[in-house]
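See below for the structure under consideration.
In each ligand, atom 1 is the first atom listed, and ligand 1 is the first ligand listed. Atoms considered below: every heavy atom in the structure, side chains included; atoms not considered: hydrogens, waters and symmetry mates.
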Amino acid sequence: MNKVSQHGEWTSRWSFILAATGSAVGLGNIWKFPYITGENGGGAFVLVYLICICLIGIPIMMAEIVLGRQGRQSPINTMRDLAKKAGAHRYWSLVGWLGVIAGFLILSYYSVIAGWAMAYVVRVASGMFDGATGDGVKNIFVQFISDPEKLLAWHSLFMILTMLVVARGIKGLERAVKFLMPSLFVLLLLLVGYSMSQGAFGQGVSFMFNLDFSKLSGESVLTAMGHAFFTISLGMGAIMVYGAYLPSNVSIASTTLVIVIADTLVALLAGLVIFPIVFANGLEPASGPGLIFQTLPIAFGHMGFGAFFGTLFFVLLVFAAWSSSISLIEPAVSWLVENKKISRMRACIWAGLATWFVGVGTVLSFNYMSDVTLFGRTFFDLLDFLTANIMLPLGGICIAIFAGWIISKQSSEEELGLPRGGYYEAWRFLVKYISPAAVIIVFMNVVGIL
Ligand code: PFF
């Protein structure tokens, strides 16, 4: 099918790689990966996460791009049309809906955390952390999140920035990301240098890579799997919708590998920065969502030109979050434009307002509503659990099953264009059997069936 998307097309293979890497690399790598690794005991958790990336993440990412490029529309309409073409039930479009809802819920809290990163740009730049101790940095963070007005202001600003880019299309961000992502990488390397010289590097490394399976509960495995989906933006149609704008001659497999390797490297580097600082300063690896905000400022407070590098780091983190957030809402916006016949601008205003509103719940869950819990989780924890650990893997299995069982072998084989030598057969085996089975086993294990 050589349809062209009504929303346009990437100008080159590299534009797609940058946009998809921009979507993948974000708060998930630098903020979430270190803190959930800290909460789940380290090495064994990291290993499960890496296995999930290889066995589930890579094949499903390829499947999402295949489907996106064949449908060339928003994920909801792509799923509907491909199902129709394959003679399958039109209910397959529900997978697109699941993704739209997941993206919308994720963005609602993602924006609040990106707001923290913006606030920290100003704080680090002002020299607030110069010479600060672990306790001092912690107090500043605790005071900050107990002020709902501040959190709300930053959340609102981040939502406006996101919707501005989505409203104008992705060209501008494409250009910015081209230069910002490599800078982020270089800065992370610089921080690894700091951690090696000033942090408890050996202890940090052994925490991240020593395999102690006794610390791994069923729920940790679910979190590792959920994070594999979250970090490479899978299971909700973000990569599918980017795939819809991918020129037909670009190789899906090699592009997928570039994206996944870049994403994994950034996460591992972030861990290598954070944990040595945690151990050198007597902090707790299981400090939760505040972890990077309580560790990195210590590094910046003590290194030469720390205020400068610190400011730069948080600016880059905001950009990384920004290029991810636009992909979280693009499936919804593209659907509104296609089906409600409204302009991109209007679609953005509606989608943005709704997301902002749900985000208020997350803002309050760190202060006024921090004692309000359901199933032992605050509003933020619940949203995070539900989206990353349940909705994304569920969306992922459906996408794998659809690509492996429903669309014709000939069409996926042509679309992937893999060289001979069993590569295509290996991919098909993974999406047909291994990825869905792995997700189901992890789910069953958590509910206690296994
Ligand atoms: N991959 C992003 C991150 O790691 O921060 C988050 C994300 C973006 C998740 C887009 C899902 C998505 F569709």
Side-chain angles (χ1 to χ4, degrees), residues 18-37 49 52-53 57 60-61 64-65 68 74-75 95-117 158 162 165-166 170 173 177 180-181 184 188 223-244 256 259-271 289 292 316-335 351 355 383-396 399:
L18 285 166
T21 309
S23 164
V25 175
L27 296 174
N29 307 62
I30 294 169
W31 158 74
K32 192 172 179 190
F33 172 71
Y35 98 72
I36 55 176
T37 300
Y49 150 76
C52 291
I53 289 280
I60 297 189
M61 181 177 277
E64 270 206 32
I65 304 175
S74 67
V95 177
W97 279 106
L98 180 73
V100 165
I101 296 167
F104 160 80
L105 294 177
I106 294 176
L107 183 56
S108 76
Y109 70 80
Y110 202 85
S111 164
V112 175
I113 311 294
W116 297 1
F158 187 81
T162 299
V165 176
V166 181
I170 29 209
L173 203 88
V177 167
L180 292 163
M181 286 295 150
L184 180 71
L188 270 177
T223 308
M225 181 182 77
H227 187 64
F229 280 94
F230 185 90
T231 190
I232 50 176
S233 307
L234 280 192
M236 54 144 284
I239 294 292
M240 197 186 288
V241 80
Y242 277 10
T256 299
I259 300 164
V260 171
I261 291 173
D263 186 82
T264 309
L265 269 180
V266 172
L268 294 178
L269 282 178
I292 65 161
L316 293 173
L317 183 59
V318 171
F319 271 95
W322 200 6
S323 58
S324 300
S325 62
I326 56 171
S327 69
L328 282 163
I329 202 77
E330 179 67 21
V333 168
S334 59
W335 180 81
T355 314
L383 268 191
D384 178 35
F385 182 82
L386 193 73
T387 52
N389 297 2
I390 310 287
M391 294 172 87
L392 297 186
L394 204 59
I399 288 166

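Closest of all the heavy-atom pairs between Ser327 and Tyr242 is CB-OH, 3.4 Å. Minimum heavy-atom separation, Tyr49 to Ala267: OH-CB, 3.9 Å. Of all non-hydrogen atoms in Ile65 and Gly243, the two that sit nearest each other are CG2-CA, 4.2 Å. Nearest heavy-atom pair, Pro393 versus Gly226, reported as atom, atom and distance to 0.1 Å: CG-CA, 4.3 Å.
Ring pair His227/Phe33 is parallel by interplanar angle, where below 30° counts as parallel and above 60° as perpendicular.
Every residue meeting the side-chain hydrogen bond (donor to acceptor under 3.5 Å, both in side chains) condition with Ser325, not counting sequence neighbours, appears here in chain and number order: Thr162.
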Would you mind writing out a table of all protein N or O atoms found under 3.5 Å from any N or O atom of ligand 1, naming both atoms and giving the distance to 0.1 Å?
unit_1: ligand 1; atom_1: 1 (N); unit_2: Ser23; atom_2: O; d: 3.1
unit_1: ligand 1; atom_1: 1 (N); unit_2: Ala24; atom_2: O; d: 3.0
unit_1: ligand 1; atom_1: 1 (N); unit_2: Phe230; atom_2: O; d: 2.8
unit_1: ligand 1; atom_1: 1 (N); unit_2: Thr231; atom_2: O; d: 3.2
unit_1: ligand 1; atom_1: 1 (N); unit_2: Ser233; atom_2: OG; d: 3.1
unit_1: ligand 1; atom_1: 4 (O); unit_2: Ala24; atom_2: O; d: 3.0
unit_1: ligand 1; atom_1: 4 (O); unit_2: Gly28; atom_2: N; d: 3.4
unit_1: ligand 1; atom_1: 4 (O); unit_2: Asn29; atom_2: OD1; d: 3.4
unit_1: ligand 1; atom_1: 5 (O); unit_2: Leu27; atom_2: N; d: 3.1
unit_1: ligand 1; atom_1: 5 (O); unit_2: Gly28; atom_2: N; d: 2.7
unit_1: ligand 1; atom_1: 5 (O); unit_2: Tyr110; atom_2: OH; d: 2.5

